[in-house]
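Counting starts at 1 for both ligands and their atoms, in listed order. Predicted, not measured: the structure shown is a model, and the values here were computed from it.
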Amino acid sequence: MPLVLVGTPIGNLGDLSGRAVEALRAADAICCEDTRRTGRLLQHAGVERRPLLVVNDHTEVQAIAGVLRRLALGERVAVVSDAGMPGISDPGERLVQAAVAAGYAVEVVPGPSAAITALVASGLSAGRFVFEGFLPRQGSARTARLAEVAAEPRTVVLYEAPHRMARTLADLAAVCGSDRAVAIGRELTKLHEEHWRGTLADALGWVSEHPPRGEFVVVLNGAPPPTPASDHDVEVAVRACLAEGDTARDTAATVAARLGIPKRQAYAEATRQRRLG
Ligand code: SAM
């Protein structure tokens, strides 16, 4: 029998699909993050109580063996998270990997996800995007990820907790430039749903005037294409490398990588400067 991933609402219970209710009703057991929360969802959907297995960030790895045993016995096991799609910044991914590795089928009953909901309303390009989930909270991991996000040419979707919104927007403004466009989805599908759009500088002003409450998705415009290096840029970069004692060949490699120009162009400039002394 399959492992069945079931998407659940991200705020509005009306978004629980008929297929989701059927999948929960057909399940012999349901993996969930929080039994009380999922118990309330089952009650709302009129699904009789059945074994609820706690699978959260702390228990997912230990829970795998028990879930595989149930699948081996021919049980249907559903997986839900507190909200949205399991496996998206939520438990589920490792259960799926284990079920696939053990040869069990995996089915999905798709439902809302905050990332896609915010993206499509952002007004930014949804043609090509990357999902980053939550940024690392601190240290070199955060610095490195911020640099990657800043250089990313595709639209970037991030999750953030309300009390870290101001810091994250400030960090993004520092690495992306404060004029980068951003959209913020707040309390999506809920009573106080809001879609804010502007620059990172405006966003910082917005959160300082309205202390963030509720749930947030940050959708960041992709990095603009780099401006092509001018002849003067190439000349300066080559001169600096040669002054360091680099060979013409090493200079060409370094300058080509740094300025995004063909190696032969940098090499020609290096040999020209060498000739001139
Ligand atoms: N699995 C979920 C999904 O598919 O969207 C995401 C779970 S993740 C633990 C929770 C984060 O998702 C929140 O901190 C927030 O960034 C975002 N989120 C979830 N529901 C949201 C909503 N209704 N409005 C805005 N953001 C939401």
Under a 3.5 Å distance rule, please check whether [X] uses its side chain to pair with a backbone N or O of [Y] as donor and acceptor.
X: R76; Y: V4; answer: no
X: R180; Y: A150; answer: yes
X: T59; Y: V54; answer: yes
X: T247; Y: D250; answer: yes
X: T168; Y: M165; answer: no
X: Q273; Y: E235; answer: yes

With only distance considered, is [X] within less than 3.5 Å of ligand 1 through an N or O on each side?
X: L188; answer: yes
X: I10; answer: yes
X: A115; answer: no
X: S81; answer: no

Numbered in order shown, the ligand 1 atoms found under 4.0 Å of a heavy atom of M85 are 1 (N), 3 (C), 4 (O)
Ligand-side contact atoms (ligand 1) for residue partner G84, heavy atom cut-off under 4.0 Å:
3 (C), 4 (O)
Can you report which non-hydrogen protein atom sits closest to [atom], along with the distance?
atom: atom 25 (C) of ligand 1; value: E215 O, 3.2 Å
atom: atom 7 (C) of ligand 1; value: D90 OD2, 3.3 Å
atom: atom 2 (C) of ligand 1; value: A83 O, 3.2 Å
atom: atom 4 (O) of ligand 1; value: S113 OG, 2.7 Å
atom: atom 18 (N) of ligand 1; value: A114 CB, 3.4 Å
atom: atom 26 (N) of ligand 1; value: V217 CG2, 3.4 Å

Is it true that R25 and E22 make a salt bridge, defined as a side-chain N closer than 4.0 Å to a carboxylate O?
yes
Ion pair present between E160 and R167, side-chain N to carboxylate O less than 4.0 angstrom?
no
Using 30° and 60° as the class boundaries, would you call the ring planes of W206 and W196 parallel, tilted or perpendicular?
parallel
Measure from atom 14 (O) of ligand 1 to every heavy atom in Y159, F131, F134, F216 and give the option owning the shortest one.
F134
Which segment of K190 sits under 4.0 Å of ligand 1 when only heavy atoms are counted:
side chain
Test C32 against every option in V6, L52, L41, N56 by the side chain to side chain contact (heavy atoms under 4.5 Å, CB included) rule and name the one that passes.
L52
Does the residue S89 have a heavy-atom contact with ligand 1, meaning some pair of atoms that are separated by less than 4.0 Å?
yes
